[in-house]
Amino acid sequence: MTRHVLILGGTTEGRALAAALAEPPSLRVTSSLAGRVAQPRLPAGEVRIGGFGGPEGLADWLRGERVDAVVDATHPFAAGMSRNAALAAAATGVPLLVLRRPGFAPVAGDRWLPVPSLAAAAELLPGLGRRVFLTTGRQGIATFAHLDGVHFLARSVDPPEPPLPPSFEVLLDRGPFTLDGERALLREHRIDVVVTKDSGGAATAPKLTAARELHLPVVIVRRPPVPDGVPVAPDVPGAVRWLQHLR
Ligand code: NAP
């Protein structure tokens, strides 16, 4: 009997899981993307793009497409989608796993300033430096739009939309990034403070190493919690094992 796994994606881990599940023909794998990125990297298998219409829409989709298991491999900061997935799984009885990479771990020499939100990061910035490297994604940039007297270099996959801070430049790029590249970027742009989310993952960690080497403070936004009661796997092999045990 063909089993159907829905991967809520938009991440490196989501693509890696879709690739890991591509082999057995007895498995139907659908990856779902929000549609935020103009030219997304497409995972193996079937792909659907766009919102489901809240938890009820997702629950309808799970029933209609006869989904046997859901893996929420969304970004650690996609809290709305994770909440919807937990509600839809509870409503339909479809087993749900969160595939979430561990957060960044500080090491000796790091000057990290953890904050609970982007707004809290914006409050801290004027006291910390005048040239900020902002790597929190284009959707959050509006939170910094009121800050004058601070220059922002933002890096994002697609161009951000207004409102933007008065002194602002954007670097369109997507990871993985190298340590040499990050070091050069921080030096060339004379960055004196970095702002990031605690996304975790190797693809974006080199900026933290480069900041440590240059003794720069890093304002780091803490992750929202995983919905209560939902099991978590830290990596793709863990998610594959969870799926195997469902049989
Ligand atoms: P969000 O705020 O948690 O979700 C908002 C709405 O977008 C959801 O209610 C859902 O709409 C739709 N959505 C989100 N992820 C979806 C998915 N994988 N498939 C179908 N619909 C999805 O999400 P977000 O923070 O905007 O992130 C959107 C996507 O970008 C996610 O897939 C995430 O993995 C990826 N991403 C996010 C970040 C980040 O920093 N937040 C970084 C890198 C990648 P409906 O209610 O209509 O279903």
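Atoms within each ligand, like the ligands themselves, are counted from 1 in listed order. A quick note: this is a predicted structure, and the numbers were derived from the prediction, not measured.
Other residues, nucleotides and ligands contribute only 12 or fewer heavy atoms inside 6.0 Å of the CZ atom of Arg66. Within a 6.0 Å sphere centred on CD of Glu161, other residues, nucleotides and ligands contribute 12 heavy atoms or fewer. No more than 12 heavy atoms of other residues, nucleotides or ligands lie within 6.0 Å of CZ in Arg130, so this atom counts as exposed by the packing criterion.
Remark: the backbone N or O of Leu17 is not paired with any side-chain donor or acceptor of Arg15 at under 3.5 angstrom.
In this structure, Phe52 and Trp61 have perpendicular ring planes: the angle between them is above 60°, well past the 30° mark.
Within 4.0 Å of ligand 1, contacts by protein heavy atoms are made from Gly9, Gly10, Thr11, Ser32, Leu33, Ala34, Arg36, Arg48, Gly50, Gly51, Phe52, Gly53, Gly54, Thr74, His75, Phe77, Ala78, Ala79, Gly80, Met81, Asn84, Gln139, Lys197.
Considering CZ of Arg222 and CZ of Phe77, their distance stands at 10.5 Å, rounded to 0.5 Å.
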